[in-house]
Asker: 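Questions regarding the structure given below will be posed in turn.
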Amino acid sequence: GNSVTQMEGPVTLSEEAFLTINCTYTATGYPSLFWYVQYPGEGLQLLLKATKADDKGSNKGFEATYRKETTSFHLEKGSVQVSDSAVYFCALSDRRAGNMLTFGGGTRLMVKP
Amino acid sequence: NAGVTQTPKFQVLKTGQSMTLQCAQDMNHEYMSWYRQDPGMGLRLIHYSVGAGITDQGEVPNGYNVSRSTTEDFPLRLLSAAPSQTSVYFCASSPTRVTNEKLFFGSGTQLSVL
């Protein structure tokens, strides 16, 4: 079946540091890949997505590239801010599984001033 | 815009009690779903609906019932609460099943079963 594995957190960074959150996936077909973000006390929000190999999703300074050869979709940001403190979820959807989303376990990011 | 509204935000139950978690959306979305969020396990799909009168099971449906009598509402029922159902519950919707990858989430219900 499909699965998503994320690095365990928490990840603690100082403001303006470079961020990488690793995500790898297992899927039988050709999934679409997503990053969702959950700010404290809120539901998840779609951050970015990529629908095919070598696509790069980007939003709010965050980027992730769909790497089919390494089955990865790592999230990066060049300079984090305190306001980026949140939990980040990697997810995939597989058309052959009815487009249902499969989520990773989430990675908590804490950014200190 | 209200979006997806969940009530209550917090609930404490005793083992064996029943309750209903409410979810309503005002975006005329066809697709609605319930997830539970447990530490280190991400979100797991409980039940979903692709339209009024149609529901189906997700990954972890045992102990939960749903119904979809209107497009707007998708309540989740716990018939006999168990400590294993202590979790944070999220309702989510999207315009259609085809676009269900871009979900709109409610703010969650934190449930504790003692």
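Quantities reported herein were computed from a predicted structural model and do not represent experimental measurements. First the proteins, then the strands, lettered A, B, ... as listed; each starts at 1.
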Asker: Is Glu59(B) salt-bridged to Arg44(B), going by a charged N under 4.0 Å from an acidic O?
Answerer: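 Salt bridge absent between Glu59(B) and Arg44(B).
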Asker: Below 4.5 Å from any heavy atom of chain A, which atoms of Leu43(B) appear? Answer side chain, backbone, both or neither.
Answerer: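 It is both, since atoms from each part get that close.
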Asker: Any non-hydrogen side-chain atom of Lys60(A) less than 4.5 Å from a side-chain atom of Ser83(A)?
Answerer: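 Not in contact.
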Asker: If I measure from the heavy atoms of chain A, does Gln6(B) come under 4.5 Å with its side chain, its backbone, both, or neither?
Answerer: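 Contact with chain A is absent: no heavy atom of Gln6(B) under 4.5 Å.
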Asker: Does the side chain of Leu46(A) reach to within under 4.5 Å of the side chain of Leu103(B), using non-hydrogen atoms?
Answerer: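 No, too far: nothing below the 4.5 Å cut-off.
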Asker: Tell me, side chain or backbone of Phe104(B) under 4.5 Å from chain A's heavy atoms, or both, or neither?
Answerer: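 Neither part.
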Asker: Against chain B, label Gln38(A) side chain, backbone, both or neither, depending on which of its atoms sit under 4.5 Å from a heavy atom there.
Answerer: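 For Gln38(A), side-chain heavy atoms alone lie under 4.5 Å from chain B.
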Asker: Can you list the steps and then say if Ser107(B) with Lys9(B) is a side-chain hydrogen bond (donor to acceptor under 3.5 Å, both in side chains)?
Answerer: CA-CA 8 Å; Ser107(B) 58; Lys9(B) 290 191 181 300; 3.2 Å; yes
